[in-house]
Each structure stands twice: as C-alpha cells, then as structure tokens.
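Structure first, then comments.
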Amino acid sequence: MTKEYKEFSEWFLKTFSSGILTSMLKNLDQYRRKVYVSPRVMQQALNYINTAVSHAHSWKLIKPHMLQIIQDIVFPLMSYSEADAELWDTDPYDYIRIKFDIFEDFVSPVTAAQTLLHSACKKRKEMLQKTMNLLLSIIQTGTTTPSQKDGALHMIGTMADILLKKPVYKDQMEKFLVEIVFPEFNSPHGHLRARACWVLHYFSDVKYQNEQVLAEAFR
C-alpha cells in the first residue's frame, strides 16, 4: 500500500484478517470434505492465504494449518485428476498445451495452489523441510497411484528454484533425478512421461557430477 494508508492497513490487518481467514479456511475445508466449491472461489481463497503468508500477524493464524493445507488441498489440486485423464484420452495434444504451457490459465486454482506452495516454502521456516518430507514419503510408498506421483513431482518441480539454493537438497538433486524422475520416462502412463520432462526442465540448473547422467537425460 502507499505511505498514507500504512496506519489503516495495519489496523485492517489486525481487525479483519482473522475473520476473513477463518472464512477462507472454511472454503478450503469444504473442498477437502468433497463439498463442491467453484474453481474461481478456490483460486481466490488460495490467493488470499498466499498473501497472508507474508504477514507475521496472519501467518500466526495459518501456521498450525499450513502443512494440512499443503497435504489436503494443494497436493490434490496439483495431482492428475479425472478431468485431466478425460482430456488426455480425448486430446493429448491439448492436454500438453494446457498443462505445460507457460501461459497456463491464470485464474486456475492449480496455479494459485502452486503460488501458495512456493510462497510458504520460500518465506516460512521449516515449511520446505516438512513439505519435502511429505512428498518424498508419498513418492517412495509402494501404494502411490500414478495420479499422486504426478502431484508430488509437480510440487517438487514448482519448488525447484528454492531447492537448488539449499545445499542439503542441491547436493542430492542428481541422485533424486536418477532414482525418482528418470524411471518415469519409461512409465506406461503418458502423463507421467510428460511430467518427467517437465521436472527435468525445472531442474535444468543442476550441476551434474556424472556426465553419464546428463547424457541419459538427453537420451
């Protein structure tokens, strides 16, 4: 906000943000309980929570719920859905255009979920580690469905720039690509092969220690 509104904005934040956030969380909880919430309302609710992550006052209110939001809202939204499957079956070219185009629908709840995930893991301590622990446990579980695997890889790729700045993850990325992403190039599910290409693109800044790994990526 501009300088003359600073005092008003602080008053507004402390007076109203708690009530508004409660309403937004109720919207998300409805979605979690499989009650219909329109995509536009989901997108706006996620955008509001994304803004709230940046403010210390509102973050205190969201913090206890954030991991659950990532697990129960962001993860399903970013996973391969029934509607995706229908589009893949009827028009795979259109699926690739919509899903992997840089100008993907900006009013989509999926885009809003990506933004919220990125903000929380970049700006708030411990969120990156907690989220990565969750995603790696999903990927490494034998019962993970192709849809869930797509969602977990989608989320990890979204956080690529953050992960590549943290030595603890950066040093493991080559191993991660070889063990978790490369096998998906041979997946019987076309959407997972597409996702593997997308993830490799987002981790293009990885400095490969082993040239054979880079050659395999190209192959």
Side-chain angles (χ1 to χ4, degrees), residues 24-50 65-121 127 130-160 176 180-181 183-203:
M24 298 299 167
L25 291 171
K26 277 183 183 167
N27 280 328
L28 297 188
D29 190 56
Q30 277 188 294
Y31 174 86
R32 185 175 68 86
R33 290 187 287 109
K34 306 283 190 281
V35 176
Y36 177 77
V37 181
S38 78
R40 183 66 167 153
V41 170
M42 283 298 291
Q43 184 238 353
Q44 296 284 23
L46 289 163
N47 282 352
Y48 190 89
I49 288 168
N50 179 55
H65 308 288
M66 197 66 224
L67 192 62
Q68 193 173 13
I69 290 171
I70 287 172
Q71 181 178 310
D72 296 345
I73 310 294
V74 173
F75 175 55
L77 277 170
M78 291 179 68
S79 296
Y80 187 72
S81 67
E82 284 178 23
D84 293 334
E86 191 177 327
L87 181 58
W88 177 268
D89 289 338
T90 54
D91 192 344
Y93 291 99
D94 202 35
Y95 174 88
I96 296 294
R97 185 185 62 75
I98 290 168
K99 284 288 171 183
F100 300 102
D101 184 356
I102 196 161
F103 298 111
E104 186 189 338
D105 189 1
F106 286 113
V107 296
S108 154
V110 178
T111 309
Q114 281 179 312
T115 307
L116 173 59
L117 172 71
H118 193 276
S119 296
C121 291
M127 284 313 304
K130 287 179 179 175
T131 303
M132 282 303 290
N133 289 346
L134 169 71
L135 296 176
L136 290 172
S137 72
I138 289 168
I139 287 172
Q140 291 164 345
T141 303
T143 54
T144 300
T145 65
S147 167
Q148 290 169 328
K149 194 172 277 187
D150 175 78
L153 290 173
H154 190 180
M155 289 168 76
I156 290 169
T158 297
M159 299 186 290
F176 167 78
I180 292 171
V181 180
E184 298 312 325
F185 285 119
N186 298 314
S187 170
H189 305 281
H191 70 89
L192 274 177
R193 298 197 298 275
R195 180 62 68 198
C197 292
W198 181 88
V199 172
L200 200 57
H201 154 71
Y202 271 84
F203 283 105

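Please read these numbers as outputs of a predicted model, since none were measured by experiment. All residue numbers refer to positions in the sequence shown, counting from 1.
At least one donor-acceptor pair under 3.5 Å links the side chain of S108 to the backbone N or O of V110. At least one donor-acceptor pair under 3.5 Å links the side chain of S38 to the backbone N or O of V41. Between the side chain of T115 and the main chain of T111, a donor-acceptor pair closer than 3.5 Å is present. Without hydrogens or angle criteria, S119 side chain to L116 main chain gives no donor-acceptor distance under 3.5 Å.
A salt bridge does not link K26 to D29: none of the charged nitrogens lies less than 4.0 Å from a carboxylate oxygen.
Taking all atoms of both residues into account, the shortest heavy-atom contact from T131 to C121 is OG1-SG, 3.5 Å. Residues Q71 and P76 come closest through the heavy atom pair O-CD, 3.4 Å. Closest approach of L153 to W198, counting heavy atoms only: O-CZ3, 3.8 Å. Taking every heavy atom of both residues into account, A152 and I139 meet most closely at CB-CG1, 3.6 Å. Taking both residues in full, the closest heavy atoms of A160 and Y202 are given as CB-O, 3.4 Å, listed atom of the first, atom of the second, then distance. Nearest heavy-atom pair, S79 versus D84, reported as atom, atom and distance to 0.1 Å: O-OD2, 3.8 Å.
The CG atom of L136 sits 7.0 Å away from the CZ atom of F176 when rounded to the nearest 0.5 Å. Rounded to the nearest 0.5 Å, atoms CD1 (I180) and NZ (K149) are 9.0 Å apart. In this structure, NZ in K130 is found 6.5 Å from CG in L67, a value given to the nearest 0.5 Å. With rounding to the nearest 0.5 Å, the separation of CG in L28 from CD1 in I49 is 4.5 Å. Residue L46 holds its CG atom at 10.0 Å from CE of M24, rounded to the nearest 0.5 Å. Note that the OG1 atom of T145 and the CD1 atom of I138 stand 9.5 Å from one another [nearest 0.5 Å].
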TODO: Could you check M159 against L135 for side-chain contact (heavy atoms from CB on, under 4.5 Å), going step by step and ending with a plain yes or no?
DONE: CA-CA 12 Å; M159 299 186 290; L135 296 176; 3.8 Å; yes
TODO: Show your working on side-chain contact (heavy atoms from CB on, under 4.5 Å) between H154 and Y80 and close with a plain yes or no.
DONE: CA-CA 9 Å; H154 190 180; Y80 187 72; over 6 Å; no
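At most 12 non-hydrogen atoms from other residues, nucleotides or ligands lie less than 6.0 angstrom from CD of E86.
Side-chain contact check for S147 and D150: no donor-acceptor pair (N or O, by modelled atom type) lies under 3.5 Å. In this model, no donor atom of one side chain and acceptor atom of the other lie less than 3.5 Å apart for H189 and E184.
Between L134 and F75 there is no side-chain heavy-atom pair separated by less than 4.5 Å. With a 4.5 Å cut-off on side-chain heavy atoms, V181 and R195 do not count as touching.
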